[in-house]
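These notes are about the structure you will find just below.
The shown structure was predicted, so the numbers you read here are calculated from the model rather than taken from an experiment. A, B, ... follow the sequence lines: proteins, then strands. Residue 1 opens every chain.
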Amino acid sequence: MDFYIIDILILSCFIGYFAIWNVTPLLHSPLMSVTNAISGIVILGALQNLNQSESLITTTLLLLAIFFAAINIFGGFHISARMLHMFKRKDKTND
Amino acid sequence: MISTLNIIVYSLFIISISRLSSARTAYKGNLLAITGMGIAVIMGLLCLNSPKQLYAIITLCIGGLIGIIGSKKTSMPQLPQMVALLNGFGGLSSGLIGLSETFNIPHPTLWQIFIIFAGCITFSGSVAGFLKLAGLVKIRETETLHSVSLILFILTLIGGIYAYNGETEYIIGFAILTSLLGFCFILPIGGADMPIIISSLNGLSGWCTTLVGLSIQNSLLIIVGTLIGASGSILTYIMTKAMNRHLLKVIFTPITPNKEIPSAHPEQDIHKGTPQDAAFLMENAHKVIIVPGFGMAAAGAQYELGNLAKILIQKYHVDVKFGIHPVAGRMPGHMNVLLAEADISPNLIFGIDEINQEFKTADVVYVIGANDTTNPLAKTKKDSTIYQMPILEVEEAKRILFVKRSLAPGYAGEDNPLFYNEKTLMLLGDAKEITKEIITNLESNNS
């Protein structure tokens with residue numbers, strides 16, 4: 001494995017650490033559902049591998065992976081939007 | 001081209017997380033994340049050749065539709081189980097990718113074994129968490145499940161070694177064993193510990209993505225996965241700290257209500273109040289602090305609570321504040337979402353450190369659906385499961401109004417001395433009905 005991959009991993013840990021502590025506790029639930037939705041990015045792994053897949057079984061497994069990741073992405077973003085909309089609505093009425 | 005798009009995608013994700021630092025910017029932050037995901041998915045689809053591209057698009061649409069329908073059907077009190085389930089699907093997706101990779105090559109790599117392990121644990125653990133949160137299973141035999149988990153753990157280790165050495169059958173067996181392990185592992189964990197479990201599964205699903213990224217050498221997956229992993233891990237840390245529990249303790253010694261301790265005081269030692277008394281105390285107060293817990297949400301009393309705050313502020317000019325314990329809901333920040341749903345301004349809502357300085361000057365504290373998070377025994381009783389857990393110091397206030405269905409102890413199985421405090425008025429009954437009656441009384445008075 002290349003060294004730059006490890007560099008990326010370590011640097012991402014630092015970015016994650018600072019970015020997350022910056023989030024207000026008020027929005028910890030939306031934080032969970034947004035991160036949940038973006039964990040659907042793993043769909044790229046499935047799409048990348050699908051091109052090389054030759055047998056029926058790997059294609060099926062990868063399509064299933066795409067299916068579950070899609071539920072994760074759409075469901076996660078939709079519910080985050082619902083929550084954040086409520087916080088936004090209130091902010092307007094009180095200022 | 002692709003690497004430029006990668007940079008845009010992860011930048012959008014990082015910016016969207018940073019925008020969650022305030023309620024004002026958060027909504028647009030979510031739109032940025034959606035844009036990033038859109039770019040990533042379209043980029044992925046465009047790289048596919050023709051028949052597979054069509055299959056992928058159809059699968060994506062069906063999954064997406066199910067996701068949106070599921071989200072629409074979820075009410076805000078049900079939020080934790082929905083998040084748990086979605087988490088599980090993320091883990092399952094990683095696990096399936098890991099599994100499919102092992103079919104292409106004669107010997108699986110160590111990364112693939114790790115992906116299958118982490119993915120299956122995330123999936124089955126989340127399903128167990130979902131079942132518990134939705135109240136679909138109730139577990140009594142925690143001891144048996146602990147021994148089963150231990151046996152499964154040993155079997156999984158052996159299975160992992162066999163799987164690493166090749167045969168497809170062993171790899172599938174390993175995946176099944178791991179799934180069973182995750183399920184039996186999470187199932188006996190107590191309801192009070194759920195905020196910790198959901199956060200750690202959230203983190204685990206992120207680390208799964210990182211592992212997939214390491215395996216297929218995709219830097220975008222590594223960066224995004226680590227961001228999610230950090231989020232889940234930090235939330236787990238915050239939750240364990242808020243309950244003064246260690247993660248290992250959560251897993252191996254669940255809080256089980258101790259039924260042997262009889263209620264130390266008979267029922268006549270408490271001072272029972274009526275909604276009229278409560279309304280009288282509140283309208284004559286200068287400062288009222290409302291302390292909601294999950295019981296409030298379970299009774300569906302958010303909207304009544306919002307109306308109560310509104311009428312106290314607008315008609316009686318009372319200083320109203322909400323005090324929220326970090327574990328007041330079933331997941332981090334859950335109570336804030338429930339109060340937001342009832343149109344309560346975030347400016348009125350305070351965390352544990354800020355609100356604990358306010359109780360001394362409060363005339364009335366209205367505790368609704370909360371119990372363990374206010375229990376003063378956390379400071380004094382050394383053998384208690386909640387010993388040293390940070391609490392909301394409601395006993396500092398002049399009067400305490402405690403809404404409760406009965407005098408039964410909370411999750412921690414600990415009697416609450418506040419019930420017998422002479423400053424306390426107990427309002428026994430349904431949280432929603434009582435709050436409604438208080439509002440009726442406040443509305444009818446013309447002072």
Looking only at atom types and distance, does a side-chain atom of B/S199 sit under 3.5 Å from a main-chain N or O of B/P195, one as donor and one as acceptor?
yes

Side chain, backbone, both or neither of B/I69 within contact of chain A (heavy atoms, under 4.5 Å):
neither

Atom group of A/I41 that falls short of 4.5 Å from chain B, counting heavy atoms
both

So what's closer than 4.5 Å to chain A heavy atoms on B/Y237: side chain, backbone, both or neither?
side chain

Donor-acceptor pair, A/S29 side chain versus B/P332 backbone, under 3.5 Å?
yes

Please look at B/S22 and chain A and tell me whether the side chain, the backbone, both or neither of the residue comes under 4.5 angstrom of a heavy atom of that chain.
backbone

Hey, does the side chain of B/T226 reach the backbone of B/I222 with a donor-acceptor pair shorter than 3.5 angstrom?
yes

Strictly distance-based, threshold 3.5 Å: is any side-chain N or O of B/T25 a donor or acceptor partner for the main-chain N or O of B/R19?
yes

Tell me, for B/L79 versus chain A, whether the close heavy atoms (under 4.5 Å) come from the side chain, the backbone, both or neither.
side chain

Ranked by heavy-atom pairs below 4.5 Å to chain B, first place among A/N36, A/L47, A/L27 goes to A/N36

A/I15, A/L9, A/I20: which one forms the most heavy-atom pairs within less than 4.5 Å of chain B?
A/I20

Output the option from A/N22, A/V34, A/T24 having the highest count of non-hydrogen pairs under 4.5 Å with chain B.
A/T24

Do you know which of A/A65, A/A46, A/G16 has the most heavy-atom pairs with chain B at a distance under 4.5 angstrom?
A/A65

B/I34 versus chain A, the contacting section by heavy-atom distance below 4.5 Å
both

Pick from B/T209, B/I66, B/I238, B/L220: which one has the most heavy-atom pairs with chain A under 4.5 Å?
B/T209

Hey, could you give me the OG/CE distance between B/S75 and B/M82, rounded to the nearest 0.5 Å?
11.5 Å

Between B/G67, B/G206, B/G70, which residue shows the highest count of heavy-atom pairs closer than 4.5 Å to chain A?
B/G67

Do you know which of B/A40, B/G232, B/S18 has the most heavy-atom pairs with chain A at a distance under 4.5 angstrom?
B/A40

Looking at A/T59, A/L62, A/L61, which one forms a side chain to side chain contact (heavy atoms under 4.5 Å, CB included) with A/N49?
A/L62

As an exercise, state the distance from CD1 of B/I198 to OG1 of B/T236, rounded to the nearest 0.5 Å.
10.5 Å

Under 4.5 Å to a heavy atom of chain B? For A/L64 that would be both

Winner by heavy-atom pair count (cut-off under 4.5 Å) against chain A, out of B/V212, B/L92, B/I14, B/V9:
B/L92

Proximal component of B/Q53, with respect to chain A [non-hydrogen, under 4.5 Å]
neither

Is it the case that the side chain of B/T35 and the backbone of B/L31 share a donor-acceptor pair, with hydrogens and angles ignored and the cut-off at 3.5 Å?
yes

If you measure from SG on B/C61 to CD1 on B/I58, what distance do you get to the nearest 0.5 Å?
8.0 Å

Is there a donor-acceptor pair closer than 3.5 Å between any side-chain N or O of B/T59 and the backbone N or O of A/F67?
no

Okay, B/Y27 and chain A: the region with an atom under 4.5 Å from a heavy atom over there is both

Tell me, side chain or backbone of B/V337 under 4.5 Å from chain A's heavy atoms, or both, or neither?
both

Residue, of B/L65, B/L48, B/I17, that accumulates the most heavy atom pairs under 4.5 Å with chain A:
B/L48

Go through the side-chain N and O atoms of A/S53 and A/T58 and say whether any donor and acceptor fall under 3.5 Å apart.
yes

Given that the side chain runs from C-beta out, which part of A/V23 has a heavy atom under 4.5 Å from chain B: side chain, backbone, both or neither?
both

Among A/N72, A/T60, A/I8, the residue with the most heavy-atom pairs under 4.5 Å to chain B is A/N72

For the atom pair OG1 (B/T109) and CG (B/L214), what is the distance rounded to the nearest 0.5 Å?
10.5 Å

Supply the atom-to-atom distance B/I197 CD1 to B/N202 CG, rounded to the nearest 0.5 angstrom.
12.5 Å

Kindly compute the distance separating CG (A/L84) from NZ (B/K28), expressed to the nearest 0.5 Å.
13.0 Å

Is chain A contacted by the side chain of B/M335, its backbone, both, or neither, given a heavy-atom distance below 4.5 Å?
neither

Contact part of A/I57 toward chain B, heavy-atom cut-off under 4.5 Å: side chain, backbone, both or neither?
side chain

Greatest number of heavy atom pairs closer than 4.5 Å to chain A - which of B/G64, B/A230, B/C208, B/G36:
B/G64

By residue number, those in residues 83-90 of chain B with heavy atoms under 4.5 Å from heavy atoms of chain A are B/V83, B/L86, B/N87, B/F89, B/G90

Does atom CD of A/Q52 have more than 12 heavy-atom neighbours from other groups under 6.0 Å away?
yes

Parallel, tilted or perpendicular: which describes the rings of A/W21 and A/Y17, with under 30° parallel and over 60° perpendicular?
perpendicular

Under a 3.5 Å distance rule, please check whether B/H334 uses its side chain to pair with a backbone N or O of B/M76 as donor and acceptor.
yes

Can you tell me which portion of A/L31 sits under 4.5 Å from chain B's heavy atoms? Options are side chain, backbone, both or neither.
both

Has the side chain of B/E101 got a donor or acceptor atom that lies under 3.5 Å from a matching backbone atom of B/G98?
no

